[in-house]
Amino acid sequence: MKEKLSARKVFHLSLVLALLLALVAYRTWFSVDNSATVDQIKDQICDLSHSSCSELIGGKSLTAAISELPVRAEQDFVVRLTGGDPAIKPVKAWLEGRDMFMGTIPVSFEQIAGGWQGTTLVGSCTSSMMVWLLNIEWSNGQRQQLVLSVARE
């Protein structure tokens, strides 16, 4: 059976369409801009390539630094973590490329006087400047991410 489109059905369809358009407009104009929040978080990641970085781990200040700058590809470098709570330990740490995928490189930290120290290196890539992310998971459940820019030789 073929039904005709009555005035009543046209009115109902128009009403539903108007409601949908109003919801889309409301969401567009009054929604929270989540992309700005994500960008602000990314902007707050400290870059170890230029200076040391401080962060609160377990309520105490911890400073991360590279022993010898600039960091070069395929050359060992030392990451030092000083301060912080001695009871909170780095459980897992690794390096991964931010803009390129070169796998993950584990970083093992050993306890030293006043903190932790880890020796690692990163591979070379075709780009002249690579950006790596140092990810650290702590025994208290906190996670830390630091940026490291590496020049190719």
Side-chain angles (χ1 to χ4, degrees), residues 13 15-153:
L13 287 173
L15 183 62
V16 169
L17 181 62
L19 281 170
L20 287 174
L21 287 173
L23 287 172
V24 168
Y26 176 80
R27 178 156 176 129
T28 302
W29 289 318
F30 297 109
S31 68
V32 177
D33 188 10
N34 290 333
S35 63
T37 306
V38 171
D39 289 342
Q40 289 169 353
I41 292 170
K42 285 181 182 176
D43 289 343
Q44 292 176 358
I45 297 176
C46 184
D47 189 348
L48 283 173
S49 308
H50 304 293
S51 64
S52 61
C53 300
S54 294
E55 192 169 321
L56 289 177
I57 303 294
K60 294 191 176 179
S61 180
L62 178 100
T63 302
I66 302 294
S67 62
E68 210 174 295
L69 293 174
V71 176
R72 300 278 180 217
E74 299 179 349
Q75 292 182 6
D76 288 347
F77 62 93
V78 176
V79 179
R80 286 200 174 91
L81 307 172
T82 55
D85 187 348
I88 299 174
K89 302 173 182 177
V91 177
K92 184 178 179 184
W94 68 94
L95 285 161
E96 63 185 27
R98 184 185 72 182
D99 301 323
M100 71 274 172
F101 181 73
M102 295 182 67
T104 59
I105 301 167
V107 180
S108 297
F109 284 100
E110 58 185 35
Q111 195 162 14
I112 58 170
W116 301 89
Q117 176 175 299
T119 303
T120 189
L121 66 106
V122 294
S124 185
C125 184
T126 56
S127 61
S128 59
M129 184 63 69
M130 301 167 288
V131 179
W132 293 83
L133 298 174
L134 173 61
N135 298 284
I136 305 172
E137 292 181 3
W138 296 92
S139 59
N140 69 345
Q142 275 187 273
R143 292 181 178 198
Q144 182 179 23
Q145 191 173 62
L146 303 165
V147 173
L148 182 63
S149 301
V150 180
R152 183 171 52 105
E153 285 289 312

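Side chains are part of it too, since the values below use all heavy atoms of this structure and drop only hydrogens, waters and symmetry mates.
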>> For residues 136-146, which residue pairs pass the salt bridge (Lys or Arg N to Asp or Glu O under 4.0 Å) check, not counting sequence neighbours?
In response: E137-R143

>> Does N140 form a side-chain contact (heavy atoms from CB on, under 4.5 Å) with I88? I'd like the steps, not just the answer.
In response: CA-CA 6 Å; N140 69 345; I88 299 174; 3.5 Å; yes

> CG of N135 to CG of L146: how many Å apart, nearest 0.5 Å?
Replying inline: 8.5 Å

>> When you compare the side chain of L133 with that of V147, does any pair of heavy atoms fall below 4.5 Å?
In response: yes

> Passes side-chain contact (heavy atoms from CB on, under 4.5 Å), L15 versus L17? Steps please.
Replying inline: CA-CA 5 Å; L15 183 62; L17 181 62; over 6 Å; no

> Just by distance, do the side chain of Q142 and the backbone of L56 share a donor-acceptor pair under 3.5 Å?
Replying inline: yes

>> With a 4.5 Å cut-off on side-chain heavy atoms, are F77 and T119 touching?
In response: no

> Looking at F109 and A93, what are the two nearest heavy atoms and their distance?
Replying inline: CE1-CB, 3.5 Å

>> Tell me every residue that passes side-chain contact (heavy atoms from CB on, under 4.5 Å) with T104, counting only those two or more places apart in sequence or in another chain.
In response: W94, E96

Using a 3.5 Å cut-off and no angle test, enumerate the donor-acceptor pairs between side-chain atoms of residues 79-86 and protein atoms at least two apart in sequence or in another chain.
| from | atom 1 | to | atom 2 | distance (Å) |
| --- | --- | --- | --- | --- |
| R80 | NE | Q117 | OE1 | 3.1 |
| D85 | OD1 | A87 | N | 3.1 |

> What distance separates K89 NZ from W116 CH2, expressed to the nearest 0.5 Å?
Replying inline: 5.5 Å

> Going from CD on E74 to CG on L121, what distance comes out if it is rounded to the nearest 0.5 angstrom?
Replying inline: 8.0 Å

>> To the nearest 0.5 Å, what is the distance between CG on L19 and CG on L23?
In response: 6.5 Å

>> According to salt bridge (Lys or Arg N to Asp or Glu O under 4.0 Å), does anything in residues 112-127 pair up with another residue at least two apart or in another chain? List the pairs.
In response: none

Run the side-chain donor-acceptor check on residues 58-68: report pairs under 3.5 Å with partners two or more places apart or on a different chain.
| from | atom 1 | to | atom 2 | distance (Å) |
| --- | --- | --- | --- | --- |
| T63 | OG1 | S54 | OG | 3.3 |

> Do V24 and L20 come within less than 4.5 Å of each other through their side chains, counting heavy atoms only?
Replying inline: no

> According to the salt bridge (Lys or Arg N to Asp or Glu O under 4.0 Å) rule, which pairs have a member within residues 102-116, sequence neighbours left out?
Replying inline: none

